[in-house]
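Single-structure report; data block below.
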Amino acid sequence: MNNILDMAKSNYEELITHRRYLHEHAETHIDLPITTKYVMEQLTKMGYEPVEISKSGVLAIVGGKKQGKTFLLRGDMDALPLKEQTGLPFSSKTDNMHACGHDFHTAMLLGAAKILKEKEEEIEGTIKLMFQPGEETLTGAKAMVKAGILKNPDVNAAMMIHVFSGMPIKQGAVIFFGKGAISATSDWFYIDVKGKGGHGAMPNTTVDPLNVAAHIHTALATINSREIDPDQVGVVTVGQMHGGTTGNIIPDSAFLEGTIRTFDDKTRVFINKRVKDISEGIASTFRAKATVKFSNACPSVVNDELVLKSVFKATMKLVGPEKCIDLEALMGKPFRMPGSEDFAFISEKVPSLLLAMDASLYNGQEVYPQHHPKVDFDESVLPTGAAVYANAAIAWLKENK
Ligand SMILES: [Zn+2]
Ligand SMILES: [Zn+2]
C-alpha cells in the first residue's frame with residue numbers, strides 16, 4: 001500500500017483507540033504524565049526513539065536517510081479543567097475534558113507517525129514530530145522551543161492542524177486560512193490598586209481604591225473606541241475586579257485582571273503601554289498607586305505564503321477539491337481567529353502553517369462549540385487528519401530539497 005490516505009484509513013481502528021484512551025485520561029497544562037507515557041509507548045512500538053525534551057513535551061524524529069531539509073509537525077495534547085457532560089462511554093475519568101479536540105490532534109499525529117515510519121526510506125529530509133503540552137495555557141510551545149526543538153537539525157518549516165466543531169463548512173473538510181496573521185495575540189494584565197482604607201462614614205480620611213478601580217475600568221474601554229485605528233482589532237477585556245469585604249469599610253486595595261487581543265505587534269505594544277499609562281495615571285489622579293503587570297504574552301500565528309501554497313497543492317491532491325477549502329477565497333476576505341494559539345512561538349521563528357479541519361458531529365442533536373462540556377467530535381475525520389499531516393511533510397520536503 002503506497003497511497004497515504006489508504007494507509008491512514010486502514011489504521012482507522014487504531015486511531016479511534018488512541019483518541020478514546022487519550023480522551024478518557026484527559027490531563028491539563030504541562031502535567032500530562034499518562035498522556036506522555038502513552039504517546040512515548042506508541043511511538044516506541046512503531047520503532048521511534050522519542051525523547052521528553054521539556055516537561056510532558058515529546059519529540060520524535062523520522063527520515064534523514066535521504067539528504068534534505070527539516071519539516072516539523074505539531075500536535076498538542078492538553079485538555080481543559082472542565083467536567084465532561086457528554087455521557088459518552090469513553091467519557092473522561094478525570095475532572096478534565098478534551099473539549100478543544102487536542103485528543104484528536106495527538107491521535108492524528110500518532111497516525112502520521114506510523115505512516116511516516118513505513119515510508120521512512122522515501123522521505124527527502126527529516127521530519128520532527130512535536131507532541132506538545134500546555135497549549136491552552138500558552139506555555140507548552142514556548143517551553144519546547146526553549147528546549148531546542150527547532151535546532152539540531154534546524155527546522156525549516158512547520159505545520160499544525162486544529163479540529164473545529166460547528167464551522168459553517170462542509171463536514172470533514174480541510175480548511176486553509178490564507179497568509180499572514182490568523183490568530184490573535186494574547187496578553188494578560190493584572191492591576192493592583194493601592195489606596196488607604198478606613199471607615200465608610202469618613203471617606204475623606206481614606207484613598208478609596210474601589211473608586212479608582214471603577215475609573216480605570218471605564219477608561220480602559222476607551223482605548224478601543226478612541227485610540228485604535230478603526231481598521232485594527234484591539235480588544236481589551238477586564239474579566240475580574242475584586243476589592244472590599246463589606247459595606248461600611250473602605251478597603252486598602254483593589255484588583256483588576258484582563259486580556260488584550262490584537263492581530264499586529266504595533267497595536268499590541270500600543271495597547272499594553274496605554275493600559276499601563278492609563279491605570280497609573282488615574283490612580284495617581286486620585287492619590288492612589290497602581291502597579292500593572294503583564295504575562296502569558298502570545299504573538300499571532302502567521303501563515304507563510306510559500307508553505308501555504310505547497311501544502312495546499314499537496315492536500316488538494318490527497319483529499320480532492322471537494323474537501324479542501326480555501327476560506328479566504330470562499331469568504332472574499334481573510335479569516336482571522338479571535339482566539340490565540342501558542343503555535344505562534346513556532347511561527348515567529350520558522351515559516352509555518354496552521355490548518356483547520358471540520359470535525360463537527362451532526363448526530364441529530366445540537367452541535368456544541370469547543371470548550372463546552374457537551375461537545376463531541378466526529379472520529380471519521382481521524383484518518384484524513386493523519387494523512388494530511390504525513391502528506392504535507394513529505395510533499396514539502398520533496399518540493400524544497
Ligand atoms: Zn482550546
Ligand atoms: Zn485547541
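Below, each value reflects all heavy atoms present in this structure, side chains not excepted, and no hydrogens, waters or symmetry copies. In each ligand, atom 1 is the first atom listed, and ligand 1 is the first ligand listed.
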If the threshold is 4.0 Å, N to carboxylate O, is there a salt bridge linking Lys114 and Glu14?
yes

Is the closest basic N to carboxylate O distance between Glu328 and Lys333 below 4.0 Å?
no

Checking distances from the Zn ion (ligand 1), one finds that the N, O or S atom of His371 closest to it is NE2

Taking Asp252 first and then Lys196, would you say they form a salt bridge - that is, a charged N and a carboxylate O separated by under 4.0 Å?
no

Got a list of side-chain donor-acceptor pairs under 3.5 Å for residues 138-150, not counting sequence neighbours?
from: Thr139; atom 1: OG1; to: Thr137; atom 2: OG1; distance (Å): 3.0

Pair Glu121 + Lys66: basic N to acidic O under 4.0 Å:
no

Residue and atom names of protein N/O/S atoms that fall under 2.8 Å from the Zn ion (ligand 2):
Cys100 SG, His102 NE2, His162 NE2

Heavy-atom pair with the smallest gap, counting every atom of Leu353 and Phe176:
CD2-CE2, 4.3 Å

